[in-house]
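Position 1 is the first residue of the sequence, and the numbers go up from there. Just so you know, these numbers come straight off a predicted model, no measurement behind them. Because only heavy atoms are used, hydrogens play no part in the values below, and waters and symmetry mates are left out as well, while side chains stay in.
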Amino acid sequence: MRPLLVVTLAAVVGCIVDLDPQRDCGDAYVDELAGEECEPSQVESLSGYCPAGEIPGPGACDPTTCRFVPDSCTRCGNGVLDPGEACDPKDMNQPSCLFGGVAQCRSDCTIDQSKCARGCGDGVVDVDLGEECDLGPVNDVTDKAAPVDCRELPGPTAGRPYGSGVSTDCVKCMWDRSNCRYCGNERLEDLDVVADEELHIDFDNKIKALPEVCDGDQADPKALSQYCQDRCDAGGFTVSCAFTCADKCDEFLEPADDPTELACCTPSGSACPNDEKGELYKGRLPCCGMPASDPPVDHCSEDWTGNTLSLRVCP
């Protein structure tokens, strides 16, 4: 009887079942007893977890635990062009190139245009083609871009940068300059400059620049003299005085710091207001920037034409 007992014990031992099986995630077998819900390599194991109209996205099956990740459900790849998608990889209507070439729909439902021919209107700013902006196909003529500071844009005339204004219109892949101004660039675009340089705002020379009387601390001497005449009681002589330039560079305003400080004087290059001993002529104002002294000093310089003294002027 002893041999029979040995055989019976061996049979019992061979039938022992592991009641706490360990997961072996990644073995291509969904071991439900071990708590696995899916296998990363088995696409069919992911079905049935996502709501209607959604599909499992990348990383839907956790490669460590082999459990389904609910947040991975997505509409991208369901074969339908859903809101927010530029395309869908499973949609039969694949994206096309505006100027020829081959466009592809990426796995994240965005369009890869790297193999498309380039051109204005393709939504890509091609700097090497001279583009400044590209909003893509514009279906609404009122489409606007984020405001662009005109000071960041080149102007049509070298050495004449814009000083103010913004642009929100992208026209033929160039920022519209119609709201740009030279005012604020600390360069005086007065009437003579506008006329002599035929200064325009745009590259098509359709919008002519408005002449300035001042810009920052610079001023048109003739315009400033007219403004200062009554304030300085200049009697018709060329004169300068303190001012604040208006925001549009089209007029002079009272000085912002001290409106009572007139700072009236005879500007550089104007006829000398004093004799050779430094004594001021009646009704005249001293040269600008020249300190008063006792006894008076003649600061004027001589302006010669050839061998002839034509005029004594303020330095």
Inset, instruction - Applying disulfide bond (SG atoms under 2.5 Å apart), run through C264 and C228 and close with a yes or a no. - result: CA-CA 8 Å; C264 298; C228 300; over 6 Å; no

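- F203 forms part of no hydrophobic cluster, judged by ILVMFWY side-chain heavy-atom separations under 4.5 Å.
- Looking only at side-chain heavy atoms (C-beta outward), P221 and S240 stay at 4.5 Å or farther from each other.
- I55 approaches N78 most closely through the heavy-atom pair CD1-N, 3.8 Å.
- A donor-acceptor pair under 3.5 Å is formed between the side chain of E39 and the backbone N or O of G26.
- Environment of CD in E254: crowded, with over 12 heavy atoms of neighbouring residues, nucleotides or ligands closer than 6.0 Å.
- A salt bridge does not link D190 with K222: every distance from a Lys NZ or Arg NE/NH1/NH2 to an Asp or Glu carboxylate oxygen is 4.0 Å or more.
- Applying the side-chain contact (heavy atoms from CB on, under 4.5 Å) test between V239 and each of S225, C265, S270 identifies S225 as the sole match.
- Looking at N274, its side chain never comes within 3.5 Å of a backbone N or O of L280 through a donor-acceptor pair.
- Here the straight-line distance linking atom CG of L129 with atom SG of C173 works out to 9.5 Å at 0.5 Å rounding.
- The number of heavy atoms from other shown groups lying within 6.0 Å of CD (E44) is above 12.
- Distance check, rounded to the nearest 0.5 Å: CG of D134 to CG of D122 gives 5.0 Å.
- C214 does not pair with C249 as a disulfide, the SG atoms being 2.5 Å or more apart.
- Cluster membership for V213 and Y227, using ILVMFWY side-chain heavy atoms within less than 4.5 angstrom, is shared.
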Inset, instruction - With side chain to side chain contact (heavy atoms under 4.5 Å, CB included) as the test, would you mind laying out the steps for E212 and L188 before giving the verdict? - result: CA-CA 7 Å; E212 303 170 352; L188 186 65; 4.2 Å; yes

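- In this structure, the side chain of S268 engages the main chain of P315 through a donor-acceptor pair within 3.5 Å.
- In this structure, I111 CD1 and C105 SG are separated by 7.0 Å, a value rounded to the nearest 0.5 Å.
- Of all the heavy atoms in V30 and S45, the pair that sits closest is CG2-CB, 3.9 Å.
- A donor-acceptor pair is defined here as one N or O able to donate and one able to accept, closer than 3.5 Å; such a pair exists between the side chain of D202 and the backbone of I207.
- Y162 places a side-chain N or O within donor-acceptor distance of the main-chain N or O of I201, the cut-off being under 3.5 Å.
- The SG atoms of C241 and C232 lie 2.5 Å or more from each other.
- To the nearest 0.5 Å, atom CD of residue E36 and atom CG of residue D24 are 7.0 Å apart.
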Inset, instruction - Could you go through the salt bridge (charged side-chain N to carboxylate O under 4.0 Å, His left out) check for R118 and E131 one step at a time? - result: CA-CA 11 Å; R118 299 182 299 162; E131 295 182 359; over 6 Å; no

Inset, instruction - Under the salt bridge (charged side-chain N to carboxylate O under 4.0 Å, His left out) rule, what do D275 and K277 come out as? Steps first, then yes or no, please. - result: CA-CA 5 Å; D275 60 23; K277 295 180 179 180; over 6 Å; no

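- The backbone N or O of F237 lies less than 3.5 Å from a partner atom in the side chain of Q229, making a donor-acceptor pair.
- Counted within 6.0 Å of CG on D247, heavy atoms from surrounding residues, nucleotides or ligands total 12 or fewer; the atom is thus considered open.
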Could you give the side-chain donor-acceptor pairs of residues 285-297 under 3.5 Å, partners two or more places apart or in another chain?
{"unit_1": "S293", "atom_1": "OG", "unit_2": "P295", "atom_2": "O", "d": "3.1"}
{"unit_1": "S293", "atom_1": "OG", "unit_2": "V297", "atom_2": "N", "d": "3.4"}

Legend entry - Intermediate values then yes/no, salt bridge (charged side-chain N to carboxylate O under 4.0 Å, His left out), R106 and D112: CA-CA 6 Å; R106 300 187 182 96; D112 179 6; 3.6 Å; yes

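- Annotation: the span from D250 atom CG to C245 atom SG amounts to 8.0 Å, rounded to 0.5 Å.
- The SG atoms of C61 and C38 sit under 2.5 Å apart.
- Between the side chain of D176 and the main chain of C170, no donor-acceptor pair closer than 3.5 Å is present.
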Legend entry - side chain to side chain contact (heavy atoms under 4.5 Å, CB included) evaluation trace for R160 with V193: CA-CA 11 Å; R160 297 284 176 188; V193 170; 3.5 Å; yes

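- Annotation for D196: atom CG counts as buried by contact number, over 12 foreign heavy atoms lying within 6.0 Å.
- SG atoms of C76 and C109 are separated by less than 2.5 angstrom, consistent with a disulfide link.
- Here the shortest heavy-atom pairing between G53 and R75 reads O-NH1, 3.5 Å.
- Taking 4.5 Å as the limit, some side-chain heavy atom of V313 sits within range of a side-chain heavy atom of S301.
- A distance-only check finds a donor-acceptor pair linking the side chain of E37 to the backbone of F68 [under 3.5 Å].
- Across every non-hydrogen atom of P255 and E261, the tightest pair is CG-O, 4.0 Å.
- Residues D215 and N185 have side chains in contact (heavy-atom distance under 4.5 Å, counting atoms from C-beta outward).
- Here R187 contributes atom CZ and Q218 contributes atom CD; the two are 9.0 Å apart, rounded to the nearest 0.5 Å.
- A donor-acceptor distance shorter than 3.5 angstrom exists from the side chain of Y182 to the backbone of H200, with no hydrogens or angles considered.
- The closest donor-acceptor contact from the side chain of E198 to the backbone of A195 lies at 3.5 Å or more, if one exists at all.
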Inset, instruction - List the steps, then state whether salt bridge (charged side-chain N to carboxylate O under 4.0 Å, His left out) holds for R181 with E189. - result: CA-CA 11 Å; R181 297 291 180 266; E189 284 81 25; over 6 Å; no

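- In this structure, C66 and C25 have their SG atoms less than 2.5 Å from one another.
- Looking at residues two or more places apart in sequence or on another chain, you find a ring pair (Phe, Tyr, Trp, His ring centres under 6.0 Å) between F243 and F252.
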